[in-house]
Visitor: 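Got a structure here, written out as structure tokens. Questions coming.
Numbers restart at 1 for each chain; the letters A, B, ... are given by sequence-line order, proteins then strands.
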Amino acid sequence: MQSVSQWFDEEPRISILRDGQPQADRDCLMVWIQRAQRAHANPAINTAIELARELDLPVIAVFCLVPAFPSATLRPYHFMAEGLQELPDALATRKIGWHLETGEPGKVIPSLARKHRASVLVTDLNPLRIGRQWRDRVADRIDFPMLVVDSDTVVPSSLFTKEEYAARTIRPKIQRVLNQHLVRIPDTHAPVASDVREGPEPLEAIAQFELDTSVGPAPDFRSGEREARRRLHDFVVNRLGRYDQERNRADIDAGSQLSPYLHYGQISPIEVALAITESNVPAAAKDSFVDELIIQRELSINFVLHNADYDRYAGLPDWGRKSLAEHAGDPREHEYTRGQLEAAGTHDDLWNMAMTQMINEGWLPNRLRMYWGKQIALWSASPETAFRNTVYLNDKYFLDGRDANSYGNIGWCIGGRHDRPFGPERPVTGLVRPMGMGAMKRTFDVNAYITAIRERWVSPRLPLE
DNA sequence: ATCGGCTCGCGCAA
DNA sequence: TGCGCGAAGCCGAT
């Protein structure tokens, strides 16, 4: 058989981390599931199956639960583990085996590959730094081919070879090729069934980890592929039609709330996009959702893939840092430490309730994510501190934190990432676009939101005697 | 209620 | 080299 680079020549979704000829005398094809934590509509799995058919071998999916993922508390671990529980059975319907282990991927994955005598290792694409480090470490420690399949974008990220400047620069490039990628991903079957099913139950495994349990499971987000699909259809049927009108309504939270499921790859963005485009709602509603799901989301993925400082102040655009530096000495009308912010103890009720919802629910409506970050920029001793604290709180509390979208949003809030300068120049934030209480009041019922969060988390109504 | 100006820089037309 | 226009704002003029 030819080398994997020849086999998958000109496939924009697939990159070769270690080239070579698949060995036919091995025992399986191995899929290392990282980000695409789903059994269906999964390009990485399909790639492994394609090779398995050529070699007439079974396919085994492996997952490595890492005991200390940076800045992850019990909250994301619980969501991830609950979703993983579905996978062995769901994969079995495609005749794929399952083996979960805990530890460091750089050690665990090569050892699993040796144990099961893998011919080729296929994995999916986590665009963040840690994903790349793990992949590189694994590729260094195996002596057979390894492929990375971009499984969580609509348009393969490799088609954009440089850091895009803004939505307006990536939009036409995406539009040009969108239709050829908006194609349903089939659920093929492995040619030979695998009966491998090893490893602990994910929820039991994470119970052994030393996690920060002060941030508990997100109460409103049941996890898993099935739940993701249920939510998608609920959104399409009940709310998509008004999305362009109501997207900013933080008081009713009119969004899809799919981002945790997309973050953990429990649903394919292509499946989401197809459900939207095939639905029977006004074009304006579809267009505004698709712009979020594809243009903005894939712009953020492009950003973290091409900017090594995506989660650092240094990664902000030059004009933004320059303007912020010129205002570094401006007096702050209010100034809060990380501790004061985390205690939701500012002078601003709306901000405090947003922080309260974030801490307790792991979630905020879109509109408030912007307001939340923009105020931290205004209230911090320096823009660098603002950036650091925003990343810290974002990644600690959001169920969908530690995501490319997180860093895109934080960069936009603090330093005008993917935005343009906005005069007139203001104290503290300079030319970075402001977003204050006026914008909130113009778009939703601020008092209704404050009251709802206060009743839910601060002074809940006590049951009558 | 709606509108222009504020300000920078990318990408395309020329 | 010039020019149009842009992640979701704000303020003041009409």
Side-chain angles (χ1 to χ4, degrees), chain A residues 159-176 242-256 259 284-304 306-307 310 315-327 330 333 348 350-351 354 364-378 383 390 394 403-446 449:
Chain A
L159 294 179
F160 313 108
T161 51
K162 65 171 192 59
E163 182 182 348
E164 294 291 335
Y165 188 77
R168 71 186 149 91
T169 67
I170 202 174
R171 189 175 285 116
K173 297 175 189 173
I174 288 178
Q175 296 293 3
R176 215 171 298 137
R242 299 183 303 277
Y243 184 76
D244 56 323
Q245 314 278 320
E246 296 188 345
R247 58 198 294 179
N248 286 333
R249 289 284 302 277
D251 51 339
I252 58 171
D253 199 356
S256 70
S259 71
K286 287 186 195 184
D287 291 348
S288 68
F289 189 84
V290 165
D291 205 68
E292 298 275 337
L293 175 74
I294 304 178
I295 306 296
Q296 298 299 338
R297 182 170 177 273
E298 297 188 8
L299 176 62
S300 291
I301 291 168
N302 168 272
F303 168 54
V304 301
H306 291 97
N307 191 320
Y310 60 79
L316 295 177
D318 290 343
W319 69 262
R321 270 182 299 131
K322 177 167 172 281
S323 185
L324 291 169
E326 284 165 9
H327 292 272
D330 292 357
E333 202 175 322
D348 178 335
L350 175 60
W351 194 94
L364 272 188
N366 253 348
R367 189 77 171 155
L368 284 171
R369 296 186 185 222
M370 300 184 243
Y371 182 76
W372 174 81
K374 289 287 187 188
Q375 306 321 299
I376 296 177
L378 220 43
T390 310
N394 182 91
D403 188 275
N405 285 129
S406 298
Y407 305 116
N409 180 53
I410 291 167
W412 180 84
C413 287
I414 311 289
R417 154 81 37 214
H418 298 151
D419 206 355
R420 61 177 161 131
F422 264 81
E425 211 164 336
R426 289 156 186 280
V428 185
T429 50
L431 291 170
V432 178
R433 182 197 299 253
M435 187 184 262
M437 185 60 81
M440 299 301 106
K441 288 192 166 152
R442 247 171 277 129
T443 43
F444 68 96
D445 186 340
V446 168
Y449 173 81

Visitor: Anything below 3.5 Å on both distances counts as a pair; with that, list the stems of at least three consecutive Watson-Crick or G-U pairs involving DNA chain C.
Guide: B:1-6 with C:9-14, B:8-13 with C:1-6
Visitor: Could I get the full list of side-chain contact (heavy atoms from CB on, under 4.5 Å) partners for A/E292, not counting sequence neighbours?
Guide: A/Y243, A/R247, A/N366
Visitor: Tell me which residues in residues 243-254 of chain A lie within less than 4.0 Å of DNA chain B, going by non-hydrogen atoms.
Guide: none
Visitor: Which residues pass the side-chain contact (heavy atoms from CB on, under 4.5 Å) test with A/V290, sequence neighbours left out?
Guide: A/I276, A/T277, A/I294
Visitor: Please list, chain by chain and in numerical order, all residues satisfying side-chain contact (heavy atoms from CB on, under 4.5 Å) with A/A254, sequence neighbours excluded.
Guide: A/E246, A/I252
Visitor: Residues from residues 409-418 of chain A sitting under 4.0 Å of DNA chain C, heavy atoms only?
Guide: A/W412
Visitor: Near DNA chain C, counting only heavy atoms under 4.0 Å, which residues of residues 368-375 of chain A show up?
Guide: A/M370
Visitor: Which residue pairs pass the salt bridge (charged side-chain N to carboxylate O under 4.0 Å, His left out) test when at least one of the two sits in residues 417-428 of chain A, sequence neighbours left out?
Guide: A/E163-A/R417, A/D419-A/R433
Visitor: For A/S323 and A/G320, indicate whether the former's side chain and the latter's backbone hold a donor-acceptor pair under 3.5 Å.
Guide: no
Visitor: Which letters describe nucleotides 8-14 of chain B, given B = protein heavy atom under 4.0 Å from base, S = only from sugar-phosphate, - = neither?
Guide: BBBS---
Visitor: Filter on salt bridge (charged side-chain N to carboxylate O under 4.0 Å, His left out), then keep only pairs touching residues 365-378 of chain A, sequence neighbours left out; what's left?
Guide: A/R369-A/D400
Visitor: Rounded to the nearest Å, what distance is computed from the CG atom of residue A/L378 to the P atom of nucleotide C/dC10?
Guide: 11 Å
Visitor: Give every residue pair that meets the ring-ring contact (aromatic ring centres under 6.0 Å, His included) criterion with at least one member in residues 406-440 of chain A, sequence neighbours excluded.
Guide: A/F303-A/H418, A/Y310-A/Y407
Visitor: Taking 4.0 Å as the cut-off, does a side-chain nitrogen or oxygen of A/R171 come that near to OP1 or OP2 on C/dA7?
Guide: yes
Visitor: Quick one: list whatever passes side-chain contact (heavy atoms from CB on, under 4.5 Å) with A/D330, sequence neighbours left out.
Guide: A/H327, A/R332, A/P427, A/V428
